[in-house]
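As structure tokens, the structure follows; a few thoughts come after it.
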Amino acid sequence: MESYDKYVGQVFGERYKIEKMIGIGGMAVVFRAYDMLANRFVAVKMLKGDAAEDEASVRRFVNESKAVAMLSHPNIVKIFDVSVKGPYKYIVMEYIEGSTLKSYMAKRGTLSTDEIIKFCSQILRALGHAHSKGIVHRDIKPQNIMLLENGQIKVTDFGIAKLPNTETVTMTDKAIGTVYYISPEQASGRAIDSRSDLYSTGVMMYEMATGKLPFVADTPVSVALMQVSETPVPPRSVNPSIPVGLEQIILTAMEKDPNKRFQSAGQILKRLDALKRDPNVKFKPLAAPLGTRMKRQVADKKQKNRRYLSSSMLPTVLGTGFAFLIVCIVAAYYLLAMVFFNTDTDTSYILTVGNFIGQTYNSEFLEDLEENDYSVTVEYIFDESYASGTIIDQSPTAGDKRKVISGKQLCELTLTVSRGTETFTMPDFTLQDYRIVEDTLNKEYGVYTEIVEEYNMAFTAGYVFRTSPSAGDTVTVGDTVILYVSLGMELSNVSVPDFVGMTELKARIQMEKYNLVVGEVTYEYSDKYAEGVVINQSRVAYTSVIEGTTIDFVVSLGPEPEGDT
């Protein structure tokens with residue numbers, strides 16, 4: 001660590017003044033630096049000696065900068081600059097004051113359900129944004145999650161991210177990532193997609209909820225094999241206080257088969273939101289992805305065809321005749337029932353539930369459902385992934401069958417409808433202490449805050465004088481609100497006049513002219529200066545000081561009177 005002290009005080013790229021080292025890893029060292037051009041603190045992540053000469057390490061740096069440049073999300077660390085051509089190879093990132101989630105978990109042990117929901121919701125929003133851009137992180141772990149003091153999460157280190165339509169850092173695509181958190185497909189070198197990040201998130205949730213990793217062994221290879229083939233101990237067996245719903249979420253996220261896993265970050269977010277509303281909620285198993293269901297149906301059909309072709313004609317003829325006989329018996333039963341018993345059998349039938357997900361819910365849609373023997377219950381939730389009015393879930397699922405009797409026994413259908421993104425109207429926070437405003441926005445409105453300090457003579461220092469978005473604007477929950485905070489009146493530098501030889505009155509007038517403050521005035525006898533003339537000053541003439549600086553004076557009393565003889 002001592003060897004990196006030599007960089008303190010240096011300026012990288014004629015812009016970033018290195019202040020101190022704040023972290024060190026296997027390949028890189030991280031400094032806090034001051035961006036002299038943008039007037040802000042930044043983090044400079046510099047490749048260490050040998051790594052700076054390693055082509056793969058440099059490519060990882062470039063990969064990270066490309067990945068994050070494609071993203072813009074409050075839960076993803078920002079990258080401002082990258083340099084790999086000069087003597088120092090470094091990335092300039094957003095400076096974050098906080099700790100890693102791993103460090104927080106090490107101190108706390110098991111986390112509360114509320115904390116798990118709060119942290120993982122932010123992580124999943126970040127992943128959802130990255131996945132929407134075609135980016136797969138591939139190294140989700142607590143060490144790569146930063147936790148700020150206000151509870152905000154920042155996902156970092158996209159160095160081995162898989163980018164869309166580009167050749168990324170693959171390391172031959174074998175066991176890429178950190179072995180305790182990698183997905184089975186990563187561990188076995190198979191193709192991966194966004195669902196691999198969801199598996200890693202599930203492992204993190206397991207660790208948060210139980211204080212333990214799901215798979216631990218003596219060697220990394222053994223752990224990787226466990227990721228591929230072993231089932232984790234159910235979280236509630238380790239920590240019985242975990243809600244059933246949370247255990248269901250964790251185990252579904254950690255399914256070995258990606259098709260049995262959650263298919264998007266939004267699916268997990270939806271269940272976490274339901275768990276937040278009702279800690280006792282229990283979830284139904286996920287429906288298989290549409291592509292998987294279609295493949296299964298095709299396979300079943302082929303299997304039936306093979307069985308049909310391989311059978312003899314005699315069983316076929318017998319089977320057909322038997323089926324015809326059953327149809328005749330059933331038809332006779334229904335005919336007799338209608339004639340002699342006057343039953344409702346003429347109006348009952350088997351309804352196959354339609355697929356309503358993705359459709360727009362409105363009064364016409366509801367009327368159509370009711371005409372088709374559905375009894376509809378609607379649940380509304382806020383979900384930024386879907387437009388307002390979009391149906392995002394249903395129960396029973398499409399393809400299920402229900403017996404109904406028109407007008408009497410209806411198919412009970414529950415639809416979950418998106419309200420879109422949750423918003424609120426921005427209040428007026430001007431003339432309030434920024435710390436109170438920041439706390440209110442974070443806790444009561446669910447938005448993040450960024451502080452921008454500016455001089456403003458009309459507002460007391462530390463008070464908010466405007467916000468962005470402005471008061472009255474519509475703000476989305478989870479967005480960032482900028483608070484413009486007053487530094488008070490701007491003070492500039494002035495050159496101290498030479499007051500020596502001036503009368504005290506003239507010196508006071510000059511002090512006021514230069515926005516300086518008269519300090520202590522003392523009086524001494526002087527043979528050189530007449531009475532009332534300044535003979536000394538506490539600030540050296542012509543030096544630069546800030547307006548408002550206090551200056552002391554010594555004023556002459558004239559020659560010392562001769563004593564009595």
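Just so you know, residue 1 is the first one in the sequence shown, and it goes up from there.
The local environment of CD in Gln510 is crowded, with over 12 non-hydrogen atoms from other residues, nucleotides or ligands closer than 6.0 Å. Atom NZ of Lys276 has 12 or fewer heavy atoms from other residues, nucleotides or ligands within 6.0 Å. Within a 6.0 Å sphere centred on CZ of Arg40, other residues, nucleotides and ligands contribute more than 12 heavy atoms.
In terms of heavy-atom proximity, Met426 sits nearest to Pro469 at CG-O, 3.8 Å. The shortest non-hydrogen separation linking Arg539 to Ile551 is CG-CG1, 3.6 Å. Heavy-atom minimum distance, Glu207 versus Pro142: OE1-CG, 3.7 Å. Nearest approach of Gln227 to Ala187, heavy atoms of both residues: CB-CB, 4.5 Å.
Note that CD1 of Ile250 is 8.5 Å distant from OH of Tyr206, once rounded to the nearest 0.5 Å.
Taking 4.5 Å as the limit, some side-chain heavy atom of Val475 sits within range of a side-chain heavy atom of Val447. Considering only heavy atoms from C-beta on, Thr100 comes within 4.5 Å of Met146 through its side chain. For the pair Met21 and Val29, the minimum side-chain heavy-atom distance is below 4.5 Å.
Judged purely by distance below 3.5 Å, without hydrogens or angles, the side chains of Tyr7 and Glu19 never pair a donor atom with an acceptor atom.
Not less than 6.0 angstrom separates the ring centroid of Tyr434 from the ring centroid of Tyr463. Ring centroids of Tyr16 and Phe31 are separated by 6.0 Å or more, keeping the two rings apart. Checked against the 6.0 Å centroid criterion, the rings of Phe424 and Tyr445 qualify as a close aromatic pair.
A cation-pi contact links Arg32 to Tyr95, judged by a cut-off of 6.0 Å to the six-membered ring centre and 45° from its axis.
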